Amino acid sequence: MFSTFKFARLVAASAALLAVTAHAELQVWKMTGTVYEELTPQGDPFVPPSSYYAHGKTVTVNYVVDTAATATDGFFYKSVLAFTVNGIGSRADSNSYIWPDGVGINGINVSPVKARADKVSFLSFNRLYGAKFTNVSDALNDFSTATANGTDVDYRVDFGSAGSVRVKPTSFDKQTIPAHCKSPLYLLIDPRCAPLLPLVH
């Protein structure tokens, strides 16, 4: 039976999804990499609070990106709306952005709006020596190519002031999300829609 609670949740999800997607062009990009270093800010060995981030473990990050976003403050695109790390989703805070100014390092910086159970507080994808791009899509495609080539890319996951882990990206690819994922009903029941779930929570 479709309970009142489930119906209320569906209505709330519908309103939230419509508010987010009304003027957005959403894409999902997935980064996969392997943890190779764990350090405190002082350079000492660091034990992550979650075993998912232990040395040699695979880290998977899905970014929900609005490719229609325009730049602010030059080349800062506040286009990352949400992200999921190793299965735990978060909305991105207002200081999360993609920057492709071509000055030394391009990349993606994101932080969650709310504290996460795994203590992740900041994620940074770094593309060294990247070219200058004037839109989000071209920057993301460049990140994908550089990662596939295995050069000039690195990744960092911070756990507040306790420490961080470094990750070697092995893939950065655009994901295919079924069109019906824009329907709140499918969003809640189809696992393929999972990267978009943080948008309605």
Side-chain angles (χ1 to χ4, degrees), residues 17 20-21 24-36 48 50-54 56-69 77-93 96-100 105-113 116-118 120-128 130 133 135-158 164-182 186-201:
L17 191 63
V20 171
T21 62
E25 295 180 14
L26 299 186
Q27 294 182 2
V28 174
W29 287 77
K30 178 179 179 181
M31 191 289 301
T32 301
T34 305
V35 176
Y36 70 87
S50 170
S51 61
Y52 286 110
Y53 302 92
K57 290 284 190 175
T58 298
V59 173
T60 301
V61 183
N62 281 305
Y63 293 100
V64 180
V65 180
D66 175 12
T67 59
Y77 292 82
K78 293 187 177 182
S79 55
V80 183
L81 305 181
F83 59 95
T84 301
V85 192
N86 288 346
I88 301 177
S90 298
R91 292 199 71 154
D93 73 8
S96 299
Y97 54 83
I98 295 174
W99 80 99
I105 299 176
N106 292 347
I108 309 171
N109 282 349
V110 297
S111 296
V113 168
R116 294 169 52 94
D118 59 5
V120 169
S121 61
F122 178 76
L123 302 162
S124 183
F125 177 93
N126 296 310
R127 161 60 162 124
L128 282 67
F133 296 100
N135 64 76
V136 171
S137 293
D138 287 347
L140 292 170
N141 284 317
D142 176 69
F143 297 166
S144 179
T145 299
T147 303
N149 291 338
T151 57
D152 302 329
V153 290
D154 197 36
Y155 203 91
R156 191 178 91 236
V157 182
D158 287 359
S164 62
V165 301
R166 302 293 291 273
V167 177
K168 177 61 178 176
T170 53
S171 64
F172 187 90
D173 299 310
K174 183 180 176 182
Q175 304 300 293
T176 299
I177 302 297
H180 66 229
C181 288
K182 290 187 177 182
Y186 283 103
L187 182 66
L188 295 174
I189 66 175
D190 188 341
R192 294 174 297 173
C193 305
L196 300 181
L197 277 174
L199 295 175
V200 299
H201 285 245

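This chain uses plain numbering: 1 for the first residue, then up along the sequence. Here the structure is a predicted model, which is why all the values come from computation and not from measurement.
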Work out which heavy atom in [X] is nearest to a heavy atom in [Y]; give both atom names and the distance.
| X | Y | result |
| --- | --- | --- |
| Pro48 | Val165 | CG-CG1, 3.6 Å |
| Pro195 | Val64 | O-CG2, 3.1 Å |
| Val80 | Ala92 | O-CB, 3.3 Å |
| Thr176 | Pro178 | O-CD, 3.9 Å |
| Val59 | Tyr52 | CG2-O, 4.4 Å |
| Thr84 | Pro198 | OG1-CG, 3.8 Å |

Task: Within the 6.0 Å centroid threshold, strictly below: Phe125 and Phe172 - done: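 Distance test on ring centres: under 6.0 Å, yes.
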Going from [atom1] on [X] to [atom2] on [Y], what distance comes out if it is rounded to the nearest 0.5 angstrom?
| X | Y | atom1 | atom2 | answer |
| --- | --- | --- | --- | --- |
| Leu199 | Leu187 | CG | CG | 8.0 Å |
| Tyr97 | Ser111 | OH | OG | 9.0 Å |
| Leu26 | Cys181 | CG | SG | 11.0 Å |
| Asp173 | Thr32 | CG | OG1 | 7.5 Å |
| Leu188 | Leu197 | CG | CG | 6.5 Å |
| Asn126 | Asn109 | CG | CG | 7.0 Å |

What I'd like to find out is whether the side chain of [X] reaches to under 4.5 Å of the side chain of [Y], using heavy atoms alone.
| X | Y | answer |
| --- | --- | --- |
| Tyr53 | Val85 | yes |
| Lys30 | Asn62 | yes |
| Ile98 | Asn106 | no |
| Arg192 | Ile177 | no |
| Pro112 | Val120 | no |
| Tyr63 | Leu140 | no |

- [ ] Look at the side chain of Asn141 and the backbone N and O of Ser137, then say whether any donor-acceptor pair between them is shorter than 3.5 Å.
- [x] yes
Open item on the list: If we ignore hydrogens and angles and just use 3.5 Å, is the side chain of Arg116 paired with the main-chain N or O of Ile88 as donor and acceptor?
Closed with: yes
Open item on the list: Heavy-atom count check: over 12 atoms from other residues, nucleotides or ligands less than 6.0 Å from Phe122 CZ?
Closed with: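 Check passes, neighbour count above 12.
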Task: Neighbour count >12 (heavy atoms, 6.0 Å) for atom NZ, Lys168 - done: yes
TODO: Please determine which of Val65, Val136, Thr67 meets the side-chain contact (heavy atoms from CB on, under 4.5 Å) test together with Glu25.
DONE: Thr67
TODO: Would you tell me whether Ser79 and Asp66 have side-chain atoms, one donor and one acceptor, within less than 3.5 Å of each other?
DONE: no
Open item on the list: Looking only at side-chain N and O atoms, does Asp93 offer a donor or acceptor that is under 3.5 Å from a partner on Ser96?
Closed with: yes
Open item on the list: Between Arg156 and Asp154 (salt bridge meaning N to carboxylate O under 4.0 Å), is one present in this structure?
Closed with: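 Not counted as a salt bridge, because no side-chain N and carboxylate O are separated by less than 4.0 Å.
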